[in-house]
Protein chains: 2
Amino acid sequence: MSATIRDIAKVAGVSVASVSKVLHGGGGTIRVSAEKAEYIKSIAREMQYVPNVVARTLRSGRSNTIGLVFEQFGSISAGPLYYVYLLDAIASVLFEKHYRLTILPEIDSDKPESLSDGRLDGLIWCKLDRNGGILNLIERGSLPVVALNSSTLGSDTRLMNFHCDNEGGIRLIMDHLVGLGHKKILFVMETGEVSTPDAVVRRDAFYKIAKEKGLHLGEEDVVQWSHSTTEFPVWWAKQTGHTAIVAWNEAVAGSILEVAQRAGVSVPTDLSVVGFDSTAYCETTTPRLTAACQPIREMAIAAATTLVDLVEGRAPTHLRRVFPCTLDVRGSTSEPRKQS
Amino acid sequence: MSATIRDIAKVAGVSVASVSKVLHGGGGTIRVSAEKAEYIKSIAREMQYVPNVVARTLRSGRSNTIGLVFEQFGSISAGPLYYVYLLDAIASVLFEKHYRLTILPEIDSDKPESLSDGRLDGLIWCKLDRNGGILNLIERGSLPVVALNSSTLGSDTRLMNFHCDNEGGIRLIMDHLVGLGHKKILFVMETGEVSTPDAVVRRDAFYKIAKEKGLHLGEEDVVQWSHSTTEFPVWWAKQTGHTAIVAWNEAVAGSILEVAQRAGVSVPTDLSVVGFDSTAYCETTTPRLTAACQPIREMAIAAATTLVDLVEGRAPTHLRRVFPCTLDVRGSTSEPRKQS
DNA sequence: CTGAAAGCGCTTACAG
DNA sequence: CTGAAAGCGCTTACAG
């Protein structure tokens, strides 16, 4: 069909080695005179030669392609921009470095070893869980992997791990709420995301910091709601006395804002709501959402950059990088209503 | 490093052909007894065999990978969910059919022929422009390509083309506005997206339909603003007499809503604003955005499905599919203020 | 029913 | 300075 290096060699009357050298560099000892090189190039142009990258990959063992695994890729179109920022930042880095980006479906946990099937040079895994045994297989595998937002991994792994300081973020939130005068605070997780690494770590930080502050918050102050949040009105009717909600991420916080409005609950007058992530999404809610901010783009850029370093044989300086969070105070939090 | 088919053949004492047959199916005439097959499989498991997909691709000419080209990938993180829906829908279809999805950087228009470098079985191209000469090269090339939202392509191409009925959408918008009593309407494009196929087609439809309705709208009723829209207050101060704005997409409409609010212009009381696309984004603006709705997900699903059909040798039924638009009336449009 | 062998298109040590 | 040849790991006609 399309011309190969061999076809060109034949037409030009030289060896395939010379053609390879001229067209693709490489080839240590080969040397070709300038005129001959020009000639080969002209023939290649004439024959509309397109190098077969698959063959080169097979031979060289390098595909110049990085894989990306999103746990719950579906949530990308939910509205909040967390995953979108991630994708955008990773893509920018990779494209600039002349890598391609392949989105993988959620991995069949039976055979993660099939990731080293030659198509990928490395992998970025978002929200990798320490459960599931995938972890061991990945560590054993030959494929360089960088974890992103997989806080529960702990430090007992040789996997590169980039995540934000979730505890620090929750601390900022709690400082803010307690500073406003809130004492009874509810932490909301989402059914189906209960075992998401970040969610778990944030919940634990919630307990820990509440205790530090002498708030006496316990299991009854942590709930799991489904995205459709029929639970909210029921909960509100129970008059539990909570004056503020901390949602584990901005998506959940956003849907709480909506349901609260429909239920006639006024935010922040009746109830303060705080989220986590703080993308531009928080500017579009009504009221605008107070949220802990993690530097998603920066984290994604660091992860992608490091992975490429790893692939190209440059040793990374640290195995683990934790990014500090900040707090963006917007309109969804205020002092609690006077106790009635 | 990792075991190959040949290693297994050696250990099992059979031919590589048999191993290939047992492990990957295929191989027409080969027949292997049940016990021998079991034995081979057990050896493979023992040796932790992982098939090299790159080698298979080189041999078979099929990569099971589809490429996706977004013109202006950067805009994905701007907020509106148009591109996100597209990505999500395409990914779902491909994953289900066991294809991988590779995001490509914007293509070097010098050598689109390098797309057929063996790594892709097909390509989905969003917002492909008829300019640039890429078109011809693609048509000539051996790679199956499906265009998505590339309305300006016209019907003189043998490229598959899936797009919405932009003119129909603009007609719905104009019917709505004129029905409310608007006569002087501004069409807003975005600098840098002026040559985007959809934008061009929508602008032309705007002219055409305005004329049909006897509105006498001309060049002074179409403007290009930059995303930072410093232009809005300047334009508003000129008192042009426009009572409604049609933005070429929801992103532009959204930023107009913001700037208008900052400029103290009340929407829809002082000014009606309409957008195009109508993703969930339109529910998050203040006020909620009236917009023409194109069935983005459905279109993306159709495009991806058809491309896979094409790749796998099933002939598509039509070369071109146009999807009708609808109108989602929300809070950003109302009757014009009484003329003063 | 099974195996030996060619070949997908490239790169790269090696020999001249 | 240049070319012939092996080999990346697989698949598949072909011969036995």
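In this text, all values refer to a predicted model and were calculated from it rather than measured experimentally.
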Query raised in the report: Which heavy atom in B/Ala44 sits nearest to a heavy atom in B/Leu23, and how many Å separate them?
Result: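 Where B/Ala44 meets B/Leu23 most closely, the heavy atoms are CB-CD2, 4.1 Å.
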Could you tell me the separation between the [atom1] atom of [X] and the [atom2] atom of [N], rounded to a whole number of Å?
| X | N | atom1 | atom2 | result |
| --- | --- | --- | --- | --- |
| B/Lys21 | C/dC1 | NZ | C1' | 12 Å |
| B/His24 | D/dG9 | NE2 | P | 13 Å |
| A/Asp7 | C/dG7 | CG | P | 14 Å |
| A/Asn52 | D/dC10 | CG | C1' | 14 Å |
| B/Ile40 | D/dC10 | CD1 | P | 14 Å |
| A/Asp117 | D/dC8 | CG | P | 18 Å |
| A/Tyr39 | D/dT2 | OH | P | 15 Å |
| B/Arg62 | C/dG9 | CZ | P | 16 Å |

Query raised in the report: Quick one: which of C/dG9, D/dG3, C/dT11 gets closest to the side chain of A/Arg59?
Result: C/dT11
Whether the [X] and [Y] side chains hold a donor-acceptor pair (N or O, under 3.5 Å, no angle test) is what I'd like checked.
| X | Y | value |
| --- | --- | --- |
| A/Asn149 | A/Tyr82 | yes |
| B/Thr65 | B/Thr102 | no |
| A/Arg321 | A/His163 | no |

With a 4.0 Å limit, can you tell me whether [X] has a side-chain N or O closer than that to the phosphate oxygens OP1/OP2 of [N]?
| X | N | answer |
| --- | --- | --- |
| A/Ser15 | D/dA4 | no |
| B/Thr4 | D/dG9 | no |
| B/Ser20 | D/dC10 | no |
| B/Ser60 | D/dC10 | no |

Query raised in the report: Contact class for A/Ser33 vs. all strands (heavy atom < 4.0 Å): base, sugar-phosphate, or nothing?
Result: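 Touches sugar-phosphate only.
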Requested in this report: Check every strand shown and say whether B/Arg56 touches a base, only sugar-phosphate, or nothing at a heavy-atom separation below 4.0 Å.
Outcome: sugar-phosphate
**Report entry** Check: B/Cys126 and B/Leu86 side chains under 4.5 Å, non-hydrogen atoms
**Finding:** yes
**Report entry** Upstream residue (5' side of DNA chain C) when A/Tyr49 and B/Gly13 are each assigned their closest nucleotide
**Finding:**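 Result: B/Gly13.
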Query raised in the report: So what's C/dG3 paired with, Watson-Crick or G-U wobble, going by both distances under 3.5 Å?
Result: D/dC14
Query raised in the report: If you find the nucleotide of DNA chain D closest to A/Val16 and the one closest to A/Lys36, which residue's nucleotide is nearer the 5' end?
Result: A/Lys36
